[in-house]
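Basis for what follows: all heavy atoms, side chains included, without hydrogens, waters or symmetry-related copies. Predicted, not measured: the structure shown is a model, and the values here were computed from it.
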Amino acid sequence: DEGCKALAEVLKINPNLTSISLSGCRGIGDEGCKALTEGLKINQNLKSINLSGCNSIGEEGWKALAESLKINQALTSIDLSECHSIGNEGCKAL
């Protein structure tokens, strides 16, 4: 989660990032995902994010991601494959 918080800060100030892959980062939980989404709300240059296999993210994290997508119009690709932790509420939100 601490790494995601740091990455979120980078997303807020670095307009050059267009793609990030956090595939298989099992240490990302709700708090890390929520922090990441705060960066996504500000960064309008990121086109792709890969969260495949991030199974420690719970319903609250997925809901936060869904909320950030209402603001971020730049993302065109989000890989959530193998994210078995997306439950009914997270799926509905997304």
Side-chain angles (χ1 to χ4, degrees):
D1 284 347
E2 292 304 313
C4 276
K5 290 176 184 176
L7 180 57
E9 293 304 313
V10 170
L11 286 175
K12 291 176 184 178
I13 61 172
N14 187 333
N16 298 317
L17 282 175
T18 58
S19 177
I20 55 174
S21 177
L22 300 172
S23 176
C25 291
R26 295 186 181 119
I28 301 172
D30 283 341
E31 293 306 311
C33 190
K34 287 178 187 178
L36 189 61
T37 61
E38 291 304 312
L40 292 176
K41 289 178 184 177
I42 294 170
N43 185 303
Q44 294 297 310
N45 294 313
L46 195 69
K47 304 290 185 214
S48 172
I49 186 167
N50 183 342
L51 294 171
S52 63
C54 293
N55 285 309
S56 295
I57 301 171
E59 296 290 333
E60 295 304 313
W62 297 122
K63 287 179 187 178
L65 178 61
E67 286 299 311
S68 72
L69 296 178
K70 292 177 183 176
I71 296 167
N72 185 309
Q73 301 295 307
L75 279 173
T76 57
S77 174
I78 303 173
D79 187 346
L80 301 177
S81 62
E82 302 298 320
C83 288
H84 304 294
S85 65
I86 301 175
N88 290 336
E89 294 303 312
C91 192
K92 285 179 190 177
L94 289 167

Residues in side chain to side chain contact (heavy atoms under 4.5 Å, CB included) contact with Ala6, at least two apart in sequence or another chain: none

Could I get the full list of side chain to side chain contact (heavy atoms under 4.5 Å, CB included) partners for Asn50, not counting sequence neighbours? Ser21, Ser23, Ser52, Asp79

Is [Y] close to [X] at the side-chain level, that is, under 4.5 Å between some pair of heavy atoms?
X     : Y     : value
Leu36 : Leu22 : yes
Cys33 : Ile57 : yes
Asn43 : Lys12 : no
Thr37 : Trp62 : no
Thr18 : Asn16 : no
Asn14 : Asn45 : no
Ile42 : Ile71 : no

To the nearest 0.5 angstrom, please state how far the [atom1] atom of [X] sits from the [atom2] atom of [Y].
X     : Y     : atom1 : atom2 : value
Glu38 : Glu9  : CD    : CD    : 9.5 Å
Leu75 : Gln73 : CG    : CD    : 9.5 Å
Lys92 : Ile86 : NZ    : CD1   : 14.5 Å
Leu17 : Ser48 : CG    : OG    : 11.5 Å
Cys54 : Leu80 : SG    : CG    : 9.0 Å

Please report the shortest heavy-atom distance between Asn72 and Ala74, naming the atom on each side. OD1-N, 2.8 Å

Could you walk me through whether Leu69 and Leu94 pass the side-chain contact (heavy atoms from CB on, under 4.5 Å) test, one step at a time? CA-CA 9 Å; Leu69 296 178; Leu94 289 167; 4.3 Å; yes

Sidechain-backbone polar pair: Asn88 side chain, Cys91 backbone, donor-acceptor under 3.5 Å: no

Check whether Glu89 reaches the backbone of Glu59 with its side chain - one donor and one acceptor, N or O, closer than 3.5 Å. no

Which salt bridge (charged side-chain N to carboxylate O under 4.0 Å, His left out) pairs, counting each pair once, include a residue from residues 16-29, with sequence neighbours left out? none

Report the C-alpha distance between Ile28 and Ser56 in whole Å, list the side-chain angles of each, state the deciding distance to 0.1 Å, and finish with yes or no for side-chain contact (heavy atoms from CB on, under 4.5 Å). CA-CA 6 Å; Ile28 301 172; Ser56 295; 5.8 Å; no

